[in-house]
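Note that these values count all heavy atoms, side chains included, but never hydrogens, waters or copies made by symmetry. Starting from 1, each residue takes its place in the sequence as its number. All values reported here derive from a predicted model rather than from experimental measurement.
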Amino acid sequence: VMSSTQHPSEVQHIVAHLLHLSVNQVVVQSPRMGGGFGGKETQAATFAALAALGAAKTQRPVRMRVNRDLDMMLTGKRHPFLAKYKVGFDAEGCFLAAKIELFSNGGWSLDLSLAVTDRAMFHLDNAYYIPNVEFSGRVAKTNLASNTAFRGFGGPQGMLVIEEIIDRIGRLLGVTPETIRERNLYRGSGETNTTHYGQLIEDNRIQRVWRELKVGSQFEKRRAEIANWNSTQSHYKRGLAMTPVKFGISFTMTHLNQAGALVLVYQDGTVQVNHGGTEMGQGLHTNMAMITARELGLRVENIRIMPTSTDKVPNTSATAASCGTDLNGMAVKNACETLRERLLPVAAKLLSEKLKRDVLSQDIGFHDGLVFVRTKVTDGKITSLQESDRCDSGQIKGEDQITFCELVTQAYCQPISLSATGYYRTPEIHYDRVKGTGKPFHYFAVGAAATEVEVDGFTGMTRVLRTDILHDVGNSINAGINRGQIEGGFVQGMGWLTCEELVWDDKGRLLTHSPDTYKIPAIGDTPLELNVSFLSEAAQPNTIHGSKAVGEPPLMLAISVREAIRDAVAAFGGKSTEVKLASPATCEAIFTAIRRVSQ
């Protein structure tokens, strides 16, 4: 079965179950997808199963596809949430307690709704310390398409609730919302650095990100400039907002945090890599190639990433929860380390014979397709070199090195196996769902965004004038991929919060079932000025090459757009007032909010 799925192993199990086959009789391959974002984590299985059933009955190849209209009507969306809350806070706007009830619209079947609701509750705090909480969540069964995973997986809905609350607190107290946000941020020490489910925020970078972005975006200066500009305008107002993001990285179902890989080395020194992750345009295969190249000291062009297939790597988890590079990268690294350990004694022997002196395995490095001695002897003194010291830099002579191709050819003749499996499971994570306590996340991805908008009071139409983003990506494996994920996630989040509105008729039929009725953001909707920066000196311990996940967290930076719109709407009122703004904040919703505050 060739399936456009983020979870080949689940498709494999479902097809086997449907056709009364054992799992080893079904092979599922996932070539590159044209996008995923969570919607292909479970619901791709329906179409794969229909195709498999047709093929089994007809004994001929069957292709199953649906047009865009039918696809949008049949498949699930991001879960709509209803939140009910009571909060207590002091005169400074600092949280004392919060009771929040969440109700998620699951649609006609359960799908992933429980896990989505759980993650929403995990993220009800966003980046803020709330000393006393009572959080609960329920899934409602409704007569709609079964809602499913979508980038953020409940996290965005939970964060939106607490940001709504913070804005209302600020306007009630007559204090700017960013001031309330800053006062409530996790502090990085003691009790004020522990989440409501009992996890300590290790290496807390929230405060640092907030401070650096506040200075880098010239936030306070622009706040004053916008106030002056608004005072001269009757029908147009500008708004400014700054919001943080703290997003937990790991599957909250602990056993899913594992991955496998199979790495094959050929006699010409080229490599094939199989791993359990799926490529949906997010750059996972590129990251895997770069990790392999670094571990084996090869050039990326000598690495080939194979299509994801269940007969190469079994029992995989979905490519989801922003863990694709974290999990599969570690598994690939593990396989490469096994291969290097096998190759090092062969390399030591070859280099010893070449140099007519003993070369130890620990003194051998791999870089740029060469295997070399990392110690240089000069006047009887031994100097150690790093693998990053290029072999053509003049520090290493030609007789001190051999090619990777020579090495693997000799290893094959020994004979020594040139293929290896790799495996990884995330360490030290656990969660007791009944007690609601534990360490469900390996670490937290953090960031912040400052956004300025202009709102037309006649129409409710909005222009995003400028957005400044500072995001913690750890040590980038590929900076271009990270930047693309941040920019794309932010714009996708804007769409969710401002223009992507689902509408049904009175008989429950979806009316917004195609691109001409369901408005997604176009290039003209993106910020006129978009500045993206990475947090410096931010290597993350115990992750692949010090990197951090960057798939889902940037989407929630777009909450700054909604809060900036609210700030602009408030300016039409001429006084500090509560702004009730629907979500998504469409032109109609904004216009209605303007009319409400200006009455």
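Salt-bridge annotation for D125 and K246: present, with a side-chain N of the basic residue lying under 4.0 Å from a carboxylate O of the acidic one. Of the charged side-chain nitrogens involved, none lies within less than 4.0 Å of a carboxylate oxygen, so that R205 and E537 do not count as a salt-bridged pair. With salt bridges taken as basic N to acidic carboxylate O contacts below 4.0 Å, none links R374 and D363.
Side-chain atoms of N193 come within 3.5 Å of backbone N or O of I201 as a donor-acceptor pair. Counting only distance, with no hydrogens or angles, the side chain of Q258 and the backbone of H255 share a donor-acceptor pair below 3.5 Å. At least one donor-acceptor pair under 3.5 Å links the side chain of K77 to the backbone N or O of T75. Between the side chain of Q157 and the main chain of F81, no donor-acceptor pair closer than 3.5 Å is present. In this structure, the side chain of E341 does not engage the main chain of C336 through any donor-acceptor pair within 3.5 Å. Judged by distance alone, with hydrogens and angles left aside, the side-chain atoms of E279 form a donor-acceptor pair with the main-chain N or O of G281 at under 3.5 Å. Counting only distance, with no hydrogens or angles, the side chain of Q401 and the backbone of F372 share no donor-acceptor pair below 3.5 Å. Judged by distance alone, with hydrogens and angles left aside, the side-chain atoms of S322 form a donor-acceptor pair with the main-chain N or O of E552 at under 3.5 Å. Of the possible polar contacts, none joining the Q199 side chain to the T194 backbone as a donor-acceptor pair under 3.5 Å is found. Judged by distance alone, the side chain of H545 and the main-chain N or O of S547 form no donor-acceptor pair under 3.5 Å.
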Result block: side-chain N/O donor-acceptor pairs under 3.5 angstrom for residues 480-490, not counting sequence neighbours:
| from | atom 1 | to | atom 2 | distance (Å) |
| --- | --- | --- | --- | --- |
| N482 | ND2 | S476 | OG | 2.7 |
| R483 | NH1 | V532 | O | 2.9 |
| Q485 | OE1 | R151 | NH2 | 3.4 |

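Considering only heavy atoms from C-beta on, K40 stays 4.5 Å or farther from M280 through its side chain. You'll find the side chain of E212 reaches within 4.5 Å of the side chain of L470, heavy atoms only. Contact of the L418 side chain with the L343 side chain is registered, since non-hydrogen atoms from C-beta on lie closer than 4.5 Å. Contact check for V271 versus T292: side-chain heavy atoms found under the 4.5 Å cut-off. Counting heavy atoms from C-beta outward, N126 and Y186 have side chains that stay 4.5 Å or more apart. Within the 4.5 Å cutoff, side-chain heavy atoms of D400 are placed close to those of L355. Counting heavy atoms from C-beta on, the side chains of N478 and M290 come closer than 4.5 Å.
Looking at T437 and D432, their side chains never bring a donor and an acceptor atom within 3.5 Å of each other. No hydrogens or angles considered: nothing links the side chains of D111 and S109 as a donor-acceptor pair under 3.5 Å. Using modelled atom types, one finds a donor on one side chain and an acceptor on the other under 3.5 Å when comparing R342 with S417.
By the salt bridge (charged side-chain N to carboxylate O under 4.0 Å, His left out) test, D326 pairs with no residue at all, sequence neighbours left out. For R425, there are no salt bridge (charged side-chain N to carboxylate O under 4.0 Å, His left out) partners, not counting sequence neighbours.
The aromatic rings of Y197 and F444 are tilted relative to each other, their planes meeting at an angle between 30° and 60°.
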Are F404 and T409 close enough, and set up right, to give a side chain to side chain contact (heavy atoms under 4.5 Å, CB included), and what steps lead you there?
-> CA-CA 9 Å; F404 186 79; T409 299; over 6 Å; no
Would N328 and M288 satisfy side chain to side chain contact (heavy atoms under 4.5 Å, CB included), going step by step from the backbone distance to the final call?
-> CA-CA 8 Å; N328 295 288; M288 295 303 104; 3.9 Å; yes
Show your working on side chain to side chain contact (heavy atoms under 4.5 Å, CB included) between T278 and L284 and close with a plain yes or no.
-> CA-CA 7 Å; T278 58; L284 178 61; 5.8 Å; no
